[in-house]
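Sequence lines set the chain letters: A, B, ... in the order given, protein chains first and strands last, and positions in each chain run from 1.
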Amino acid sequence: MPEGNEIHRWAERHAAAFAGKAVRVDGPQGRFTDSEMLDGRKLVRVMAVGKHLGYDFGKDRILHVHLGLQGDFTEGSGPLPAVKGALRLRMWNAAAAKKPAAPGESKRHGWYSEDDGTGHIAPELVAWVELRGPMDCTVYTQEQWEKLLKRLGPDPLNGDAPDEFVAKVHKSKKPIGALLMDQAIAAGIGNIYRAELLFRARLSPFIAGKDVAEETLRAIWKDALPLMKAGMVDRRIVTTLPKDRPSGKGKVLKEEAHYVYRHHGKPCFVCGTKVMKKDMAGRNLYWCPTCQPE
DNA sequence: GCCTTATGCTCAC
DNA sequence: TGAGCCTAAGGCT
């Protein structure tokens with residue numbers, strides 16, 4: 001259940017584990033039949049744009065992964081765990097166990113398989129990831145990947161400038177709370193960052209895009225980069241400043257990680273007003289009516 | 001155990 | 001605007 005920050009984090013981790021090496025790719029239970037197109041090939045790099053991942057196995061072989069609401073990775077090292085639950089895809093690096101292809105075995109690579117029963121694999125040298133529940137897991141052509149990039153707006157985590165974001169917001173009559181969720185306007189921002197960025201800017205979610213001051217939009221963009229980059233603590237987004245957390249410094253309590261996200265009915269950390277909740281753009285929007293006046 | 005919910009997005013109406 | 005996707009976790013019984 002990721003926003004852009006976690007997608008970029010996965011891209012970095014997976015690149016560190018697999019890029020530049022031949023990678024085993026498997027779709028257990030027939031859930032990813034295109035794995036054969038990738039299995040044993042060298043992973044050139046891992047790309048992250050907005051909430052999309054692209055595993056570049058060479059031209060016209062880009063594995064596109066979008067986690068959607070439910071998708072998630074698990075990672076580890078050592079022997080591959082047994083297939084459990086609805087596993088869509090797994091990748092692992094068994095380069096350390098390379099051997100000459102035996103008769104009847106694929107000649108393209110010739111890695112020991114985790115289940116070939118030979119026991120010759122070097123478990124301590126195997127890194128693996130499992131993917132389950134993604135919204136998309138398909139092999140893209142270069143053209144498809146570029147088409148995807150075209151419809152995405154600028155991504156703060158890729159160092160994109162805010163100009164396009166500002167221009168698009170200023171063209172719209174829709175409320176800023178809806179625009180921040182639009183991936184064509186800003187790629188990578190999701191429901192937590194929408195709520196928290198607006199709170200930190202003390203901006204009402206209901207103000208029309210065209211009416212938001214340019215400097216406010218630029219400030220939001222500037223705030224988003226470090227917040228999304230450093231916003232993960234134990235795979236959790238943290239947006240509160242230490243001075244605003246009721247319990248003070250030290251470990252960030254679960255209930256103090258956000259200002260308004262899922263805080264409806266509870267007092268705002270800053271002013272004590274009850275945090276509100278309302279559906280906007282099909283998702284739950286949270287805000288403080290006092291800190292973020294219309 | 002069952003029910004609800006979730007950091008997302010697409011499609012049909 | 002609403003249903004559907006499809007999985008896991010957490011709260012409830």
Could you give the [atom1]-to-[atom2] distance, from [X] to [N], as a whole number of Å?
X: A/M181; N: B/dT10; atom1: CE; atom2: P; answer: 12 Å
X: A/L285; N: B/dT7; atom1: CG; atom2: P; answer: 11 Å
X: A/E3; N: B/dT7; atom1: CD; atom2: C1'; answer: 4 Å
X: A/I237; N: B/dG8; atom1: CD1; atom2: C1'; answer: 13 Å
X: A/L67; N: C/dC5; atom1: CG; atom2: C1'; answer: 15 Å
X: A/Y193; N: B/dG8; atom1: OH; atom2: P; answer: 11 Å
X: A/N191; N: B/dT7; atom1: CG; atom2: C1'; answer: 7 Å
X: A/D182; N: B/dC9; atom1: CG; atom2: P; answer: 10 Å

Which is true for [X] with a 4.0 Å heavy-atom rule: it touches a base, it touches only sugar-phosphate, or it touches nothing?
X: A/R88; value: nothing
X: A/R194; value: nothing
X: A/Y286; value: sugar-phosphate
X: A/N284; value: sugar-phosphate

- Message: I want to confirm an ordering. Mapping A/Y261 and A/R151 to their closest nucleotides on DNA chain B, which one lands closer to the 5' end?
- Response: A/Y261
Which whole number of Å gives the distance between the [atom1] atom of [N] and that of [M]?
N: B/dG1; M: C/dC6; atom1: P; result: 25 Å
N: B/dT7; M: C/dG11; atom1: P; result: 15 Å
N: C/dA8; M: B/dT10; atom1: P; result: 22 Å

- Selection from C/dT7, B/dC9, B/dA6 that lies nearest to any side-chain heavy atom of A/K51: B/dC9
Going by distance alone, is a donor N or O of one side chain under 3.5 Å from an acceptor N or O of the other, for [X] and [Y]?
X: A/H8; Y: A/D155; value: yes
X: A/H52; Y: A/H64; value: yes
X: A/Y259; Y: A/D244; value: yes
X: A/Y55; Y: A/H14; value: yes
X: A/T74; Y: A/E130; value: yes

N or O in side chain of [X] less than 4.0 angstrom from [N] OP1/OP2:
X: A/H66; N: B/dG8; result: no
X: A/R262; N: B/dA6; result: yes
X: A/R132; N: C/dA9; result: no

- Query: Closer to the 5' end of DNA chain C via nearest nucleotide, is it A/K84 or A/M135?
  - Reply: A/M135
- Note on the structure: Assign each of A/G133 and A/K254 the nucleotide of DNA chain C bearing its closest heavy atom; nearer the 5' end lies the nucleotide of A/G133
Exercise: identify the closest heavy-atom pair between [X] and [Y]:
X: A/L253; Y: A/S247; value: CD1-OG, 3.6 Å
X: A/T138; Y: A/F32; value: CA-CE1, 4.3 Å
X: A/M47; Y: A/D56; value: CE-CB, 3.9 Å

- Query: When you look for runs of 3 or more Watson-Crick or G-U pairs in a row, both distances below 3.5 Å, which of them include DNA chain C?
  - Reply: B:1-6 with C:7-12, B:8-12 with C:1-5
